Amino acid sequence: MQAYGGDRYQIGTIVLGLIMVKIILLFVLAWNSLFVMDEFGQLGYAKYLFRELFDTIQPSKAAGSTAFFKLAHLVGWDATSILLVGRIQTALLGCAIVAMVYACARALGEDRVRALSIVLVLLCFSNFMERVFRTIAEPLAVFFAVAALLVVVRAHALRARHVLAAGVLSGLAFLATQKSVYFNVALGLGLFTDAAMMRRYSTGLARGACLVLGWTLSILAYCFVFGGSNPVPIAESLVFGPIEVATRGGVEYGGLRHLVLQTLLRNVVLYVFCFSGMALSLMRFRQLEERNRIALIFSIVITVLVFIHDQPWPYVFIMALPFMSLWSLAPLDRIVANTRHFRIASVALVTAVVLSFVSNIVYLRFNNAAQLELVARAESLLAPGDRYFDGIGMLPNRSEPSTLWLDRHYVLATLRQGDRSEAYEVFSKSPPKMILWSYRTEYIYPVIAPLIRNSYVTVAPNLRIAGRRLYLDEQEVFDVPFPSVYGLYSATGTPLRGAVDIDGTVFDRPVHLSSGPKTVILRMGSGEALLLPQGSYAGRFKHGTDNLSMFANAYD
């Protein structure tokens with residue numbers, strides 16, 4: 001990893017080659033990896049941009065990432081392409097983060113080979129490679145946070161305009177996700193602590209004021225862009241939405257500290273180098289240059305805040321990894337004079353790098369093929385104006401009767417509230433044409449069962465459509481969920497010629513049905529038929545059972 005002696009050019013070339021392979025793997029992972037449920041919702045919210053956005057997101061939160069993901073909606077031509085374009089878009093953002101980490105390392109005094117080595121260390125963290133491409137808010141926030149630090153460390157003489165620019169970028173990070181307040185705190189402490197160490201307290205206060213001013217400018221611009229002449233509700237959403245999430249914490253998930261242990265065990269060597277590098281650099285804090293002191297305090301503070309966060313989902317760690325990596329080579333500097341120790345440390349680091357490539361390839365076993373197949377099939381069965389429900393927003397280009405987010409909190413709330421819940425209200429007042437079934441809808445089935453049991457029929461694994469399965473001369477109750485023209489279709493989705501008795505009247509062609517329970521009997525035709533809203537279904541149905549493990553291993 002480190003070029004102490006030997007051919008530095010050759011080592012730099014090898015490291016650069018490994019980085020390029022990692023970048024290729026990053027895009028392969030982005031294209032193929034299993035989608036986490038959060039990705040669908042955060043990407044899909046962009047369809048509401050400038051159109052009741054703040055009435056749809058639950059809980060209300062910063063929408064900067066929503067604006068970012070609007071590009072995927074503009075480039076994509078169907079639901080599947082929007083999801084994959086969003087992934088590639090975020091992977092490109094990851095590449096920009098990597099480039100800025102390299103620039104930060106160079107600004108902090110590292111030569112080209114060492115800066116490339118720091119980038120390689122970052123790319124070897126499993127959480128970075130497996131999460132930075134995901135269509136969630138954190139990658140965008142990290143992008144702005146690294147940019148803010150870069151502005152500070154590249155300044156030859158840190159002035160008010162540099163701190164103001166860093167504040168604006170920190171504000172943009174906050175507007176991507178309010179967890180980015182961690183970045184604001186970390187940068188503020190870095191700027192003030194450095195000045196305080198030099199007993200320049202007025203300078204520290206001035207830096208803090210400039211940082212807050214820049215941050216405030218971003219917030220104000222955001223509130224007026226989205227709120228127009230009434231920015232106050234937008235400002236309130238930036239405060240009260242995060243408070244709601246922060247106060248409930250991760251208790252409902254049974255505690256998430258095991259995810260901290262997971263990332264530590266998977267990257268133990270890399271964490272040892274980064275943690276010890278920060279500790280060793282802190283020991284010689286007074287000897288460091290100003291920019292290095294600021295960057296070090298920033299890195300330590302953000303690392304502590306991320307690791308004590310009460311909802312440490314794996315993607316949260318990417319908020320700390322770019323900054324931790326900046327100090328990963330410091331332990332080698334400390335032991336370079338001891339040949340034996342240096343050789344052991346180098347072998348350990350090289351082994352960790354090699355194993356990270358194996359880990360990236362193994363991770364591909366968690367692929368998104370089944371998820372994308374479900375998305376494509378569901379979209380093909382819905383006209384642009386049709387609505388669907390799944391509680392996670394799997395179709396980014398189709399409407400939902402409600403953006404109820406069925407995480408653990410809302411699942412428990414639904415079970416507790418019963419017929420007073422939002423899910424019950426959806427199916428009783430604005431029932432969708434289709435339900436995409438997952439383990440989350442399975443959880444709330446006891447609540448919605450009375451409203452869907454006789455109103456929806458399974459036409460493919462994880463897909464239910466408004467309708468009823470009929471058998472020749474057998475009486476069934478079809479509780480019509482919404483008024484529409486209904487017709488007979490085969491198990492493969494082709495239209496059928498036949499007759500159906502509805503409340504005592506026989507129809508031999510599609511018929512308009514009002515909502516409410518109907519007594520239905522198949523009188524003529526094949527032995528089995530589906531009574532469905534009129535549409536184009538041929539070849540789009542599929543036999544099989546629901547795959548409730550479609551999202552299994554998403555956080556492994």
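From a predicted model like this one, the values you see are computed outputs, not experimental measurements. The first residue of the sequence shown is numbered 1, and numbering continues consecutively from there.
A salt bridge links Arg87 with Glu39: the distance from a Lys NZ or Arg NE/NH1/NH2 to an Asp or Glu carboxylate oxygen falls below 4.0 Å. Taking the charged nitrogens against the carboxylate oxygens, Glu289 and Arg293 have no contact shorter than 4.0 Å, which rules out a salt bridge. One finds no salt bridge joining Asp333 and Arg284 here, because no Lys/Arg side-chain nitrogen approaches an Asp/Glu carboxylate oxygen to under 4.0 Å. Between Arg207 and Glu290 there is a salt bridge, since a side-chain N of the basic residue sits under 4.0 Å from a carboxylate O of the acidic one.
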**Study point:** Tyr271/Leu321 under side chain to side chain contact (heavy atoms under 4.5 Å, CB included): CA gap, chis, key distance, verdict
**Key:** CA-CA 9 Å; Tyr271 277 119; Leu321 297 177; 3.7 Å; yes
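Annotation: Arg343, atom CZ; neighbour count of heavy atoms from other residues, nucleotides and ligands within 6.0 Å does not exceed 12. Annotation: Arg200, atom CZ; neighbour count of heavy atoms from other residues, nucleotides and ligands within 6.0 Å is above 12. Heavy-atom contacts from other residues, nucleotides or ligands closer than 6.0 Å to CZ of Arg154 number 12 or fewer. Annotation for Met198: atom CE counts as buried by contact number, over 12 foreign heavy atoms lying within 6.0 Å. Counting heavy-atom neighbours within 6.0 Å of Phe224 CZ, excluding the residue itself, gives a total of 12 or less.
Under a 3.5 Å cut-off, the side chain of Ser276 and the backbone N or O of Phe273 do form a donor-acceptor pair. Judged by distance alone, with hydrogens and angles left aside, the side-chain atoms of Arg131 form no donor-acceptor pair with the main-chain N or O of Ile318 at under 3.5 Å. Looking only at distances, a side-chain donor or acceptor of Ser180 sits under 3.5 Å from a matching main-chain atom of Thr177. Formation of a donor-acceptor pair under 3.5 Å by the Asn32 side chain with backbone atoms of Asn367 is not found in this model.
Going from atom CG of Asn184 over to atom CG of Leu189 covers 11.0 Å, rounded to the nearest 0.5 Å. For the atom pair CZ of Arg134 and OH of Tyr315, the computed distance is 10.5 Å after rounding to the nearest 0.5 Å. The CG atom of Asn397 sits 4.5 Å away from the CD atom of Glu379 when rounded to the nearest 0.5 Å.
Between Phe183 and Ala173, the closest heavy-atom pair is CD1-CB, 4.3 Å. Scanning all heavy atoms of the two residues, the minimum distance from Gly171 to Trp215 falls at CA-CD1, 3.4 Å. The minimum heavy-atom distance linking Glu110 with Arg106 is given by the pair O-NH1, 3.0 Å. Annotation for Asn267 and Ser126: closest pair OD1-N, 2.9 Å, computed over non-hydrogen atoms. When all heavy atoms are compared, the tightest approach of Phe133 to Thr90 is O-CB, 3.3 Å. For the pair Gly94 and Phe128, the tightest heavy-atom approach, listed with the atom from each and the gap, is O-CZ, 4.4 Å.
Annotation: side chain of Val269 is not in contact with side chain of Thr351 (no heavy-atom distance under 4.5 Å). Inter-residue side-chain proximity for Leu296 and Asn292 is flagged as unmet; no heavy-atom pair is nearer than 4.5 Å. Taking the side chain as every heavy atom from C-beta outward, Arg377 and Leu374 never approach each other to under 4.5 Å.
Between Tyr182 and His309, the two ring planes are perpendicular [angle over 60°; tilted spans 30° to 60°].
In this structure, Arg440 satisfies the cation-pi test against Trp405, with its NZ or CZ atom closer than 6.0 Å to the six-membered ring centre and inside 45 degrees of the ring normal.
Phe307 has its ring centre less than 6.0 Å from the ring centre of Phe317.
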